[in-house]
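In what follows, chains carry the letters A, B, and so on, assigned in the order in which the sequence lines appear, proteins first and then strands, with residues in each chain numbered from 1.
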There are 2 protein chains.
Amino acid sequence: MDYEHTCMIRGDGGQRIRAILDQICNKWTLLIVATLDRGTLRFTELHQQIPGISQRMLTLTLRNLERDGLVARSVFAEVPPRVEYALTVTGKSLIPPALALAGWAIEHVPHIEASRAAYETRSA
Amino acid sequence: MDYEHTCMIRGDGGQRIRAILDQICNKWTLLIVATLDRGTLRFTELHQQIPGISQRMLTLTLRNLERDGLVARSVFAEVPPRVEYALTVTGKSLIPPALALAGWAIEHVPHIEASRAAYETRSA
DNA sequence: CGGGATCCAATACGATACTG
DNA sequence: CAGTATCGTATTGGATCCCG
C-alpha cells in the first residue's frame with residue numbers, strides 16, 4: 001500500500017478537497033448519483049425510486065449536483081411540464097470510487113456491527 | 001463499467017450500508033484515519049496534526065472509530081497519562097477506497113469549481 | 001495529558017401547504 | 001408535473017470550563 005499518498009486527504013490544499021468530499025458524502029448525494037447511473041429519470045421517478053427522501057431534499061440535492069456539474073437538468077416546454085435528470089461525464093466518473101467505498105462498507109458490515117455490539121455490552 | 005452493481009448503494013439492505021457510509025464520510029473521520037495511517041499517535045499529537053479540529057470532535061470521532069473497530073485505543077497507567085491510537089486491520093483496509101474517493105475529488109476539483117463559478121454568475 | 005460536561009450557534013432535514 | 005415557501009425539529013460542531 002502506498003502510504004505516502006494518504007497526504008491526499010491530509011494535505012494543505014485539503015480544505016477544498018474536504019469541502020467536496022463533505023458534499024458528496026451527505027445523506028442523499030451518493031444515493032441519487034447511483035440511481036441516475038441506471039439512466040435518465042424524471043423528478044417524480046427519482047422521488048419514487050429513492051424511498052424516504054422528501055421533495056425538498058431531492059430538489060436541494062439535485063440543485064447542488066447540477067451546480068457542481070455532476071448532473072444535467074433538461075427542461076421540456078410541454079404541458080404537463082417534463083424535467084429530466086441525467087449524469088454528466090463527471091458524474092459518471094464518480095461511480096467507480098463510490099462503489100469502492102460501498103464495497104468496503106458491505107464487506108465490513110459484519111465486523112463493524114459485531115464490534116459495535118461488543119462495545120455496547122462493555123459499557124452496559 | 002458494471003452498472004448493475006450500483007445497487008450496492010441503492011439496495012434494500014442499503015439502510016445499514018448507508019448508516020456506515022454516513023459515519024465514515026463525516027467531517028473528520030477520513031482525516032483521522034488518513035492521519036493514523038502514518039502510525040500510532042497520542043491524543044495531543046493527533047490534535048496538532050489535524051488543524052482545525054476541536055478537542056470535542058477529536059474525542060467523539062475517535063470513540064466512534066474505536067466502537068466500530070477501526071481504531072485501537074491503548075491506555076498506559078503512567079503519570080502523566082499516555083493514550084495511544086492506532087489503526088486496526090479493518091481500519092487500514094479503509095485506506096484504499098478512501099484514497100480512491102480522495103483521488104476523484106482532487107482530479108475533479110477544477111471542473112467542479114469552474115462549474116460552481118459558472119452557476120453563480122448565471123443566477124446573479 | 002486526556003479527556004468529560006455544558007452551553008450555544010449553525011445547519012440539515014422533514015412535514016406541510018401552495019403554485020405555474 | 002415539478003417544484004417553491006415556510007415552519008419546526010433534530011443533529012452537528014465549536015467554545016469554554018473543569019477534572020483525575
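- Residues Gln49(B) and Leu41(B) have side chains in contact (heavy-atom distance under 4.5 Å, counting atoms from C-beta outward).
- The interatomic distance linking Gln48(B) (CD) with dG2(C) (C1') rounds to 13 Å, in whole Å.
- For the pair His108(B) and Ser93(A), the minimum side-chain heavy-atom distance is below 4.5 Å.
- In this entry the distance linking CD of Gln23(A) with C1' of dT11(C) reads 14 Å, nearest Å.
- Using a 4.5 Å heavy-atom threshold, the side chains of Arg18(A) and Lys27(B) count as touching.
- Two residues are said to be in side-chain contact when any heavy atoms from C-beta on lie closer than 4.5 Å; Leu46(A) and Tyr85(A) meet this criterion.
- We find that CZ of Phe76(B) is positioned 17 Å from C1' of dG3(C), with the value rounded to whole Å.
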* Is there a salt bridge (charged side-chain N to carboxylate O under 4.0 Å, His left out) between Arg122(B) and Glu120(B) once you walk through the steps? -> CA-CA 5 Å; Arg122(B) 266 202 305 278; Glu120(B) 302 297 337; over 6 Å; no
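- Contacts of residues 53-62 of chain B with DNA chain C (heavy atom under 4.0 Å): Gln55(B), Arg56(B), Thr59(B).
- Nucleotide dG3(D) holds its C1' atom 13 Å from the CD atom of Glu66(A), rounded to whole Å.
- A straight line from NZ of Lys27(A) to P of dA12(C) spans 13 Å, rounded to a whole angstrom.
- Leu41(A) places its CG atom 15 Å from the P atom of dC1(D), with the value rounded to the nearest Å.
- Within residues 79-86 of chain B, the residues that place at least one heavy atom under 4.0 Å from DNA chain C are, in residue-number order, Pro80(B), Pro81(B), Val83(B), Tyr85(B).
- Residues Tyr119(B) and Asp68(A) form no side-chain contact, since every pair of their non-hydrogen atoms from C-beta on lies 4.5 Å or further apart.
- Residue Arg63(B) places its side chain closer to dG3(C) than to any other of dC1(D), dG3(C), dG13(D).
- Residues Leu94(B) and Trp104(A) are in side-chain contact: their nearest non-hydrogen atoms beyond the backbone lie under 4.5 Å apart.
- Of the two residues near DNA chain C, Asn26(A) and Thr44(B), the one whose nearest nucleotide lies more 5' is Thr44(B).
- At whole-Å resolution of the value, NE2 in His47(A) and P in dT4(D) are 14 Å apart.
- When all heavy atoms are compared, the tightest approach of Asn26(B) to Asp22(A) is O-OD1, 4.2 Å.
- Between the side chains of Asn64(A) and Thr61(A), no donor-acceptor pair of N or O atoms lies under 3.5 Å.
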